[in-house]
Engineer: 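Following this message is one structure expressed as structure tokens.
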Amino acid sequence: MSFLGFGRPQPSSAEKIAAVEQEMKLMAEMHNRLTRVCAKKCVPNDYREGDLNKGESVCLDRCAAKFFDVHLKVSELMQQEAQSRGGGGGGGFGMGG
């Protein structure tokens, strides 16, 4: 129970574990999507070298930066929308919440 009975009730341990598990699942999905999209865009299917060349490395770096930038902007908009509807809204994958 919160101070003087005001506010939301505290989540149970099982609810906290479920929330962390869900967040981990979402993070893994985001990582897999980032890897798939950026590799498809930046790394050719016919490998010529064992290592990435400079152009591929720069492309991957920029792709990942844009991916995270868009993710943060979308998370912020979703949080604003949830707050305007009266919901609390959680942090976006632990970022900016």
Engineer: Would you say Asp69 has more than 12 foreign heavy atoms packed within less than 6.0 Å of its CG?
Structural biologist: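 Yes, CG of Asp69 has more than 12 neighbouring heavy atoms, counting only those of other groups under 6.0 Å.
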
Engineer: Would you name the heavy atoms of Glu56 and Cys42 that are closest together and state the gap between them?
Structural biologist: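 Shortest heavy-atom separation between Glu56 and Cys42 comes out as CG-O, 3.5 Å.
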
Engineer: If you measure from SG on Cys63 to CG on Leu34, what distance do you get to the nearest 0.5 Å?
Structural biologist: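 With rounding to 0.5 Å, SG (Cys63) is 6.0 Å from CG (Leu34).
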
Engineer: Please check: side-chain N/O of Asn32 versus main-chain N/O of Ala28, any donor-acceptor pairing under 3.5 Å?
Structural biologist: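 Judged by distance alone, yes, a pair lies under 3.5 Å.
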
Engineer: With rounding to the nearest 0.5 Å, note down the distance linking NZ in Lys66 to CG in Asp61.
Structural biologist: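 Interatomic distance, Lys66 NZ to Asp61 CG, rounded to 0.5 Å: 11.0 Å.
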
Engineer: Pick out which of Lys25, Glu29, Met30 makes a side-chain contact (heavy atoms from CB on, under 4.5 Å) with Met27.
Structural biologist: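 Only match with Met27 under side-chain contact (heavy atoms from CB on, under 4.5 Å): Met30.
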
Engineer: Please report the interatomic distance CZ(Phe67) to OG1(Thr35), rounded to the nearest 0.5 Å.
Structural biologist: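 These two atoms lie 8.5 Å from each other.
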
Engineer: Count the heavy atoms belonging to other residues, nucleotides or ligands that lie under 6.0 Å from CG of Asn45, then report whether that count exceeds 12.
Structural biologist: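 12 or below, so no.
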
Engineer: Are any non-hydrogen side-chain atoms of Gln80 and Leu77 less than 4.5 angstrom apart?
Structural biologist: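 They are in contact (side-chain heavy atoms under 4.5 Å apart), so the answer is yes.
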
Engineer: Salt bridge between Glu81 and Arg85, side-chain N to carboxylate O under 4.0 Å?
Structural biologist: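 Salt bridge flag = yes for Arg85 with Glu81.
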
Engineer: With heavy-atom distances below 4.5 Å as the criterion, would you say the side chains of Lys16 and Val20 are in contact?
Structural biologist: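 The answer is no, as the side chains (C-beta and beyond) never meet within the 4.5 Å cut-off.
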
Engineer: Assigning hydrophobic clusters by single linkage (Ile, Leu, Val, Met, Phe, Trp, Tyr; side-chain heavy-atom cutoff under 4.5 Å), is Val37 placed with Val70?
Structural biologist: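 Per the 4.5 Å side-chain linkage, Val37 and Val70 are not co-clustered.
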
Engineer: Would you sort out whether Cys38 and Cys59 count as a disulfide bond (SG atoms under 2.5 Å apart), showing the intermediate values?
Structural biologist: CA-CA 8 Å; Cys38 292; Cys59 180; over 6 Å; no

